Each structure stands twice: as structure tokens, then as C-alpha cells.
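Only one structure is covered here, and it is reproduced in the block below.
Given the structure is predicted, the values throughout are model-derived calculations rather than measurements.
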Amino acid sequence: MDTLARISNNTPISCIHPFRSQSPHFPTSLAIFRVGRGSLTPIRASTTSTERGEVVLPPQREDDKQLQKGIAEFYDESSSIWENIWGDHMHHGFYDPDSTVSVSDHRAAQIRMIEESLHFASISEERTKWPKRIVDVGCGIGGSSRYLAEKFGATSVGITLSPVQAQRANALAAAQGLAHKVSFQVADALQQPFPDGQFDLVWSMESGEHMPDKTKFVGELARVAAPGGTIIIVTWCHRDLGPEEQSLQPWEQDLLKKICDAYYLPAWCSAADYIKLLRSLSLQDIKSEDWSRFVAPFWPAVIRSALTWKGLTSLLSSGQKTIKGALAMPLMIEGYKKGLIKFAIITCRKPE
């Protein structure tokens, strides 16, 4: 698959799409994907291969490099703190609505998030139909990869922008006796270093929000998926726009901009935008659901953990980026409570 996208070549990375992305302005195919104003420059949405099967990666744009540098440094700084307090799963937990939970419950809820995601995607319980090859796109320190590899007896490879995360993930895999099954490397999710059709399960747990080009992101997930393979995207989105809306309201854009600045996030999109992209690639069994109500206890719990003595001392010794991220946590709660931020799961299957 060699999909062509077009992106403004003189528009800096923006936190908010400047158009009503669920209207006809948003493409029904991947032929043109306009992000901001200015002349349009063609960009390949996937890698190519040489005759020897080597993956050839296209050159990066300078603004993408700066964003990736910020993301990598943010997680280089913060990952050890997160692991020390919350363990090796760097994602939301899945809770019963209005539940009251303890810290130990939060770790169980993170495992439940994985299981609920697999169930929503209709991953078969039959051993003969289990995925054998898995890629974890935006793997953190490898919690999901190790869990999925053990659950399914599969091999898994995880990619992250953070060298610190990749090193720690490999160390944990070795310590748990999984080095022969699981490996981790530094790589770009928009230019994945894998040939086409490699993986039965393509897993992206809360990494899509960091992607500056959602078209290339989805294109790469589809490219590396094997025929019949399942793609699972769990990600932060903004709310769907109403029939008469052309954009988010100014106060919503301002709130998201503050969150973007703290967490190194580029443009947000809605779950509906993801669905349109998946449809444009002729993917099958596309499903989406808003799980915001099931993650409501998460951010208040993260704030409580940060306010403990252990949390405060860890934060103060971490770095400026981590502290900035911690101070922005109430903004995430505000976004959820006001219905602006949605915690979405989107799944699909690649045709046989």
C-alpha cells in the first residue's frame, strides 16, 4: 500500500485542526489531507522497500523532528517516576462507572483496560486464532507487549521514541524471562521499520494523540498489519462536532492548546475522523466507542499519587518537562468533565 497524503509545507504543528474535520473538508479518501493553510506538498504515507526487502524511510519534516524530540525527552524524564508509583503500564485504567478505588485497584484496572480492548476488538478466545505476531506502537516501557506476549504465546516488538523507555522495556523483558519473545526499539510510528503485512495484531494504546499526521499514522498501522490482522487504537480525542459546527469553540481550543503544550501533543481529532481514515483504506469491521465514563477515576488518582511524599519528591527531582506535565493534570479532568475530551477505542480488521 502506497498512499499519498498532502500536508501544508509552511504551517507549523498546531494543536487544533483549523477546519470542521467531520465535514466535507475532511477527506473521504487519503488523496488530500489539509492541515492548515498554504501550498500543498505531496508526502508519502508509507514506507517503500528495495528489491532486497529493506525498508526505505522518507525524510522527516523539521517541525516533526522538533515534536518528536520533545516527546522523547518528556518520556525519558518521566517514565521512571511513573513506573515507581504506578508500575509498568503507562495508560488509563478501565473502571466501573462511579467506582471508588485504591492504588492497587488502579493497577488491576490497567490490566482490565487491555482485556476490555481485546474483547471489544473481538479477538478470538480460540487458541488456534490467537495472534502470533504483535507490534506495540508507542510501547512505553513495554507493559502491554509483555502482557500480550504471555497471554497469547506470541512474539511482540514494541517501538517508542524514547531511548530510556526502550532500554528499560528490554531490561524488564529479560528480567521476566521474555527476552526471546519480546523486544523493543527506538522507531517512529509514522515511518515504521517493518515490511508490509507483518503483524496479526497492531496495538496502539494511547499513542495516537502524539502523532502529528493522523493520516500517516493510520496508514502505517494498516500497512504493517497482516491480511486478516486486527488493529486496535485506544486514544484521546476531542468531541465530535455538531451538524452545524465548523470547529471547536474558542474556549475548547484554548484548553486543548494548554494540554498540548504540557504533553507535547500536536493536532487533536475526533473518533469520527479516525473512522473516516480507516474507511478510506477499505478496512473492515470498523467499530468505535466512547469509554470516557470508564476512565473517569484515573486522572484524580494520578493527582493524588503525585501529592504523596513519594510523588512530590520524585517530581521535584525529575525535570522541568515532567513538572509541567504534572501541573497540567487538572486540565485533563476539566476537559473530560466538560465533554471536550473523549477517551476512544477504535478497532478494525485488514481484509484477507
Determine, stepwise, if the pair Asp88 / Arg146 fulfils salt bridge (charged side-chain N to carboxylate O under 4.0 Å, His left out).
-> CA-CA 10 Å; Asp88 61 351; Arg146 291 187 294 276; 3.0 Å; yes
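- Taking Ser282 as the reference, nothing meets the side-chain hydrogen bond (donor to acceptor under 3.5 Å, both in side chains) condition, with sequence neighbours excluded.
- To the nearest 0.5 angstrom, Lys342 atom NZ is 5.0 Å from Asp290 atom CG.
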Worked verdict on Tyr264 versus His210 for ring pair (Phe, Tyr, Trp, His ring centres under 6.0 Å) = CA-CA 7 Å; Tyr264 295 90; His210 282 297; 8.3 Å; no
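- Contact record, Lys214 with Gly208: CE-O, 3.3 Å, taken as the closest heavy-atom pair.
- Rounding to the nearest 0.5 angstrom, the gap separating the CE atom in Met205 from the SG atom in Cys139 is 13.0 Å.
- Tracing side-chain contacts under 4.5 Å through hydrophobic residues (I, L, V, M, F, W, Y), one reaches Val218 starting from Phe194; they form part of the same cluster.
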Does the side chain to side chain contact (heavy atoms under 4.5 Å, CB included) test come out yes or no for Ile231 and Thr347, once each step is laid out?
-> CA-CA 6 Å; Ile231 299 171; Thr347 67; over 6 Å; no
Test log, rule side chain to side chain contact (heavy atoms under 4.5 Å, CB included), inputs His238 and Leu340 | CA-CA 6 Å; His238 68 60; Leu340 169 60; 4.3 Å; yes
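- Within 6.0 Å of atom CD in Gln284, more than 12 heavy atoms from other residues, nucleotides or ligands are found, so the atom counts as buried in its surroundings.
- Between Ser145 and Ile134, every side-chain heavy-atom pair lies at or beyond the 4.5 Å cut-off.
- The pair Asp254-Lys258 does not meet the salt-bridge criterion, since no charged nitrogen lies less than 4.0 angstrom from a carboxylate oxygen.
- With sequence neighbours excluded, the residues satisfying side-chain hydrogen bond (donor to acceptor under 3.5 Å, both in side chains) with Asp200 are Arg133.
- No single ILVMFWY cluster, assembled from side-chain heavy atoms under 4.5 Å apart, contains both Ile141 and Val182.
- Taking all atoms of both residues into account, the shortest heavy-atom contact from Ala328 to Tyr263 is C-OH, 3.7 Å.
- Listed for the Lys181 side chain is a donor-acceptor partner under 3.5 Å among the backbone atoms of Gly153.
- The two atoms that bring Phe184 and Gly142 nearest to each other are CE2-CA, 3.5 Å, heavy atoms only.
- Using a 4.5 Å cut-off on side-chain heavy atoms (C-beta onward), Val295 and Met113 make contact.
- Of the inter-residue distances, the one linking Cys269 atom SG with Leu277 atom CG reads 7.0 Å to the nearest 0.5 angstrom.
- Side-chain contact check for Gln110 versus His92: every heavy-atom pair is 4.5 Å or farther apart.
- Cation-pi geometry between Lys132 and Phe152 is not met: the NZ or CZ atom fails to fall both under 6.0 Å from the ring centre and inside 45° of the normal.
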Could you check Phe298 against Phe343 for ring pair (Phe, Tyr, Trp, His ring centres under 6.0 Å), going step by step and ending with a plain yes or no?
-> CA-CA 11 Å; Phe298 178 76; Phe343 190 88; 8.4 Å; no
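- Within the 4.5 Å cutoff, the side chain of Leu283 has heavy atoms near those of the Pro351 side chain.
- Between Ser162 and Val186, the closest side-chain pair of non-hydrogen atoms is not below 4.5 Å.
- At least one side-chain heavy atom of Leu190 sits under 4.5 Å from a side-chain heavy atom of Pro212.
- Note on Trp291 and Ile111: same hydrophobic cluster, where clusters join Ile, Leu, Val, Met, Phe, Trp and Tyr whose side-chain heavy atoms are under 4.5 Å apart, directly or indirectly.
- Salt-bridge formation is not detected for the pair Glu252/Lys338: no Lys NZ or Arg NE/NH1/NH2 atom is positioned less than 4.0 Å from an Asp or Glu carboxylate oxygen.
- Closest non-hydrogen pair, Ser117 versus Trp203, comes out as CB-CH2, 3.9 Å.
- In this structure, Glu125 places its CD atom where only 12 or fewer heavy-atom neighbours from other residues, nucleotides or ligands lie under 6.0 Å away.
- The hydrophobic cluster containing Tyr147 also contains Ile345, counting ILVMFWY residues as joined when their side-chain heavy atoms lie under 4.5 angstrom apart, directly or transitively.
- A salt bridge links Arg239 with Glu245; the closest basic N to acidic carboxylate O contact falls under 4.0 Å.
- By the 4.5 Å heavy-atom criterion applied to side chains, Leu118 and Ile232 are counted as neighbours.
- Phe217 CZ to Met211 CE: the interatomic distance, rounded to the nearest 0.5 Å, is 4.5 Å.
- Ion pairing between Arg223 and Glu220 holds under the 4.0 Å rule for side-chain N and carboxylate O.
- Side-chain contact between Tyr274 and Thr235 is present, with heavy atoms from C-beta onward closer than 4.5 Å.
- A pairwise comparison of heavy atoms in Thr230 and Ala121 identifies CG2-CB, 4.0 Å as the closest pair.
- Glu206 places no side-chain N or O within donor-acceptor distance of the main-chain N or O of Trp236, the cut-off being under 3.5 Å.
- Between Phe94 and Phe294, the ring centre distance stays below 6.0 Å.
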Side chain to side chain contact (heavy atoms under 4.5 Å, CB included) assessment of Arg112 paired with Asp96 | CA-CA 11 Å; Arg112 185 179 174 188; Asp96 294 323; 3.1 Å; yes
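- Ile341 meets the side-chain contact (heavy atoms from CB on, under 4.5 Å) test with Leu256, Ile259, Trp268, Met332, Tyr336; sequence neighbours excluded.
- Taking a 6.0 Å sphere around NZ of Lys337, one finds it holds 12 or fewer heavy atoms contributed by other residues, nucleotides or ligands.
- Residues Ala187 and Pro193 come closest through the heavy atom pair CB-CD, 3.7 Å.
- Linking Ile, Leu, Val, Met, Phe, Trp and Tyr whenever their side-chain heavy atoms come within less than 4.5 Å puts Leu221 and Leu278 in one cluster.
- Between Lys350 atom NZ and Asp285 atom CG the span is 15.0 Å, to the nearest 0.5 Å.
- For the atom pair Leu241 CG and Ser270 OG, the distance stands at 6.5 Å (nearest 0.5 Å).
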Go through Leu148 and Ser156 one step at a time and tell me if the side chain to side chain contact (heavy atoms under 4.5 Å, CB included) criterion holds.
-> CA-CA 8 Å; Leu148 293 169; Ser156 180; 5.8 Å; no
